[in-house]
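One structure is given here, and the rest of the page talks about it.
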Amino acid sequence: MFKVIQRCVGPASLSLLTFRVYAAPKRDSPHKNYMKVDELSLYSVPEAQSKYVEEPRTQLEENISQLRHQCEPYTSWCQEIYSQTKPRVERFVQWGLDNYDYLQNAPPGFFPRLGVIGFAGLIGLIFARGSKIKKLVYPPFFMGLGASIYYPQQAIAFAQVSGEKLYDWGLRGYIVVEDLWKEHFQKPGNVKNSPGNK
């Protein structure tokens with residue numbers, strides 16, 4: 001076994017040695033003329049100047065080009081609408097996912113409260129028979145009453161904010177009506193003589 005290892009290791013160790021080999025030109029070979037890089041055919045520039053000639057369009061290409069030009073305003077409009085609606089859709093989808101997660105891990109007693117609030121809206125819808133205005137007012141009002149029973153702090157904050165908004169809207173409406181009244185009904189010739197003008 002030892003002899004087998006010696007016979008294998010010996011030639012293998014010789015293969016790891018490195019040798020340098022130097023090549024010498026033949027003395028009897030004639031001196032060759034070296035060529036320049038420009039003289040090689042691979043690197044030579046063609047003498048004839050090439051000119052790009054566009055192929056004539058076929059009838060199909062012409063029709064497609066006209067169709068693209070006609071559809072360009074519509075495609076730009078669609079891209080603009082898409083860029084405007086994409087963030088809204090993403091927010092809506094995120095809102096839906098958040099609500100789904102909330103409903104999956106709802107706090108205890110949430111679904112009975114939700115049932116009472118929905119039942120209050122149904123009662124409001126029953127009381128609002130026969131009038132379209134009542135159908136718009138009664139169900140949200142009854143649902144708000146049902147929600148205020150379970151969430152009083154949020155109901156107070158909502159009432160304060162909505163009360164301020166209603167007051168602002170009423171004030172704006174009063175100003176608009178007053179301006180219209182002054183423009184149309186109180187012209188300078190129609191002003192009656194007051195006691196101070198006698």
Side-chain angles (χ1 to χ4, degrees), residues 21 23 25-26 29-107 110-111 113-115 117-122 124-126 128-144 146-147 151 154 157-158 161-162 164-177 179-180 183-184:
V21 178
K26 292 182 181 179
S29 63
H31 180 67
K32 293 184 178 179
N33 292 333
Y34 294 105
M35 296 179 68
K36 295 181 181 178
V37 175
D38 295 337
E39 294 175 357
L40 296 173
S41 62
L42 181 64
Y43 297 102
S44 61
V45 179
E47 294 181 4
Q49 294 182 353
S50 60
K51 184 178 180 183
Y52 176 73
V53 177
E54 188 174 352
E55 295 182 6
R57 288 185 177 181
T58 62
Q59 186 64 33
L60 178 63
E61 291 176 340
E62 198 68 40
N63 292 340
I64 291 174
S65 174
Q66 289 176 0
L67 183 65
R68 286 180 62 192
H69 285 301
Q70 290 174 356
C71 293
E72 189 173 357
Y74 303 109
T75 55
S76 61
W77 177 77
C78 289
Q79 288 176 349
E80 184 179 338
I81 294 296
Y82 174 75
S83 63
Q84 289 176 357
T85 55
K86 183 180 178 182
R88 296 176 186 171
V89 170
E90 288 177 350
R91 281 197 303 261
F92 181 74
V93 168
Q94 187 61 41
W95 176 78
L97 292 173
D98 292 342
N99 286 333
Y100 178 75
D101 291 339
Y102 180 77
L103 291 175
Q104 289 294 323
N105 304 316
F110 174 75
F111 290 109
R113 292 176 184 177
L114 187 64
I117 294 169
F119 184 69
L122 186 64
L125 192 62
I126 290 170
R129 280 193 215 171
S131 174
K132 292 182 180 179
I133 296 174
K134 287 181 182 178
K135 286 182 181 178
L136 292 175
V137 174
Y138 280 17
F141 176 73
F142 277 88
M143 289 175 73
Y151 305 103
Q154 289 87 346
F158 179 76
V161 172
S162 60
E164 290 174 1
K165 287 184 179 179
L166 285 173
Y167 177 74
D168 289 342
W169 290 345
L171 191 60
R172 288 179 189 170
Y174 176 75
I175 291 171
V176 168
V177 169
D179 290 342
L180 288 173
E183 286 179 11
H184 295 293

note = Correct closest heavy-atom pair for K134 and P139 would be O-CD, 3.6 Å

Any side-chain heavy-atom pair of L122 and F142 under 4.5 Å = no

key: Closest contact, heavy atoms only, L103 versus F111   = O-CZ, 3.8 Å

query = Taking atom CH2 of W169 and atom OG of S162, what is their separation to the nearest 0.5 Å?
reply = 9.0 Å

inquiry  = Tell me if the CG atom of L67 is crowded by more than 12 foreign heavy atoms within 6.0 Å.
reply    = yes

ring-ring contact (aromatic ring centres under 6.0 Å, His included) partners of residues 59-89, not counting sequence neighbours, each pair once = none

ask   = In Å and rounded to the nearest 0.5 Å, what is the CD1 to OH distance from I133 to Y138?
value = 11.0 Å

key: Residues, nucleotides or ligands: over 12 heavy atoms within 6.0 Å of F158 CZ   = no

remark   = For residues 83-104, the side chain to side chain donor-acceptor pair (under 3.5 Å) pairs (sequence neighbours left out) are Q94-D98, Y100-Q104

ask   = Is it true that atom CZ of F110 has more than 12 heavy atoms of other residues, nucleotides or ligands lying nearer than 6.0 Å?
value = yes

message = I need the single residue from I175, V177, V176 that forms a side-chain contact (heavy atoms from CB on, under 4.5 Å) with D179. Which is it?
response = I175

remark   = On a heavy-atom basis, the closest approach of I126 and R129 is O-CG, 3.3 Å

